2 protein chains.
Amino acid sequence: MTLTPKGEARREALLDAVLRVLERDGASGVTHRSVAAEAGVPVASATYYFATLDDLFVSALRRATQQQVALFADLGEHDLRGFAEVMHDWAFTHRGAAIAQYELMFLAMRRDALRADAEAWYGALEHAIDPERLHPVRTRVTAHAIDGLLLRMLWLGEPSTVGEIEAAVREITSAISA
Amino acid sequence: MTLTPKGEARREALLDAVLRVLERDGASGVTHRSVAAEAGVPVASATYYFATLDDLFVSALRRATQQQVALFADLGEHDLRGFAEVMHDWAFTHRGAAIAQYELMFLAMRRDALRADAEAWYGALEHAIDPERLHPVRTRVTAHAIDGLLLRMLWLGEPSTVGEIEAAVREITSAISA
DNA sequence: CAATTTCTTGTACAAATGTACCAGAAGTTT
DNA sequence: AAACTTCTGGTACATTTGTACAAGAAATTG
């Protein structure tokens, strides 16, 4: 029931493999076999650490969310340029990963157990916007707008440059705090 | 190559069936067989009208987006209450359908051919917010915030009552136009 | 070092899947 | 009504799938 260090390492290697498969082929490409192949381990190893496909998805979502939260957490205060760079990186440079993460979120939507992860995401976003939480309402509205902007970037492919993204973010913050 | 009236009817029945399967079982539940069964037609009929699974998804997205756009289009101007009701209906009463539609959107993200549908969605949303397009910037920011709010409702399950949703929408519009 | 747990890996199998094919029915057009 | 297209629905098949099992290697524990 407990994991040895080596076991833990292989488990994490498999989770990383899930994210890569997800990025490359989408949710429907994730199978025990494809993940095992991506990680370079036998099939039975994937089923040993993740008995069902469900386990695979749930654990992968946890990992992806944690990585995403860390991205925003490392950001300095009021660093709109840095913020725009993170958004650009996420929506364009790692577009596949971003789409994959949303796919996971929607796959997880039918599961109450994963609500905590969704809350963590919103918490990280709001913290990046207003670390001191001085204006709760304004912060919440801004977070929604940023979230919507991210979605728009993924769907329409614009704004597409760091400069345009920064402008859009300024548009949001100034429209809301004006 | 052209469809007879009867053929067109069956084609649409199949598309409706896709949306129902999607709502019930998610994207992974959509197969030629499950859709055919849901529509009460033989399997070969599903493959006749939609040669590949891809055709099925693309056509279903078109249909779902059109229905969604129509929902917003029927709305009166400055009817925040009505707007909140539409949002509540969509995110709670028909939560499965809403999730399904987003799933389709993300499935479609890797296809340029479907960008037009995404644009139609944004167009409808912005039109519902500001029919006369008097304040383009403000309207765009508001649309993003509303979009983010919708996502939040689906992920966190709140705000959950029509009243709370209307309050959240007012929060957005007043924060932005203030 | 013996006992016990954790891990590895090959193998097996029923079920489900995408897709193709075909013979004939129903419909449309000339 | 003849010629043609569209549609129907049954059937077949190679692949891929999730999942299970078992026997042994490796690691951990007492």
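Note that the structure is predicted; figures quoted are calculated from it, not measured. We use all heavy atoms of the structure for the numbers below, so side chains are in, but hydrogens, waters and symmetry mates are not. Chain letters run A, B, ... following the sequence lines, proteins first and then strands; every chain starts at 1.
For A:Phe50 and D:dA20, the CZ to C1' distance is 19 Å, given to the nearest whole Å. The distance between atom CD of B:Glu12 and atom P of D:dC7, rounded to the nearest whole Å, is 13 Å. Spacing between atom CG of A:Leu56 and atom P of D:dT17 amounts to 13 Å, rounded to whole angstrom units. Between A:Leu53 atom CG and C:dA16 atom C1' there is a gap of 14 Å when expressed in whole angstrom units. A:Glu8 has its CD atom 16 Å from the C1' atom of D:dT28, to the nearest Å.
Using a 4.0 Å heavy-atom cutoff across all strands shown, B:Thr47 reaches at least one base atom of the nucleic acid.
Of the listed residues (A:Trp90, A:Tyr122, A:Phe83), just one forms a ring-ring contact (aromatic ring centres under 6.0 Å, His included) with A:Phe72, and that residue is A:Phe83. Remark: of the listed residues A:Val18, A:Val58, A:Asp55, A:Val35, A:Asp55 is the sole one forming a side-chain contact (heavy atoms from CB on, under 4.5 Å) with A:Phe50.
Rounded to the nearest 0.5 angstrom, B:Leu107 CG and A:Phe106 CZ are separated by 11.0 Å. The CG atom of A:Leu56 sits 8.0 Å away from the OG1 atom of A:Thr52 when rounded to the nearest 0.5 Å.
Taking 4.0 angstrom as the limit, A:Lys6 places a side-chain polar atom (N or O) nearer than this to OP1 or OP2 of D:dA27. OP1 or OP2 of D:dT8 has at least one side-chain nitrogen or oxygen of B:Arg10 nearer than 4.0 Å. Distances shorter than 4.0 Å separate none of the side-chain N or O atoms of B:Tyr48 from OP1 or OP2 on C:dA20. Within the 4.0 Å cut-off from OP1 or OP2 of C:dG18, not a single side-chain nitrogen or oxygen of B:Thr52 is found. At D:dT8, one or more side-chain N or O atoms of B:Ser45 fall inside 4.0 Å of OP1 or OP2 (strictly under the cut-off).
Comparing C:dT9, C:dA12, D:dG10 by their closest approach to the side chain of A:Pro42 singles out C:dT9. Distances from the side chain of A:His32 to the nucleotides D:dT19, C:dC7, D:dC7 place D:dT19 closest. Listed nucleotides C:dT9, D:dG18, C:dC7 differ in distance to A:Thr4; the shortest reach to its side chain belongs to C:dC7. Listed candidates were C:dT8, C:dA12, C:dG18. Nearest to the side chain of B:Thr31 is C:dG18.
The nearest heavy atom of DNA chain D to A:Ala44 and to A:Arg33 marks one nucleotide each, and the one closer to the 5' end goes with A:Arg33. Residues B:Gly29 and B:Pro5 both approach DNA chain C. Their nearest nucleotides, taken by heavy-atom distance, put B:Gly29 toward the 5′ side.
At least one cation-pi condition fails for B:Arg10 and B:Tyr49: the charged atom is not both under 6.0 angstrom from the six-membered ring centre and inside a 45 degree cone around its axis.
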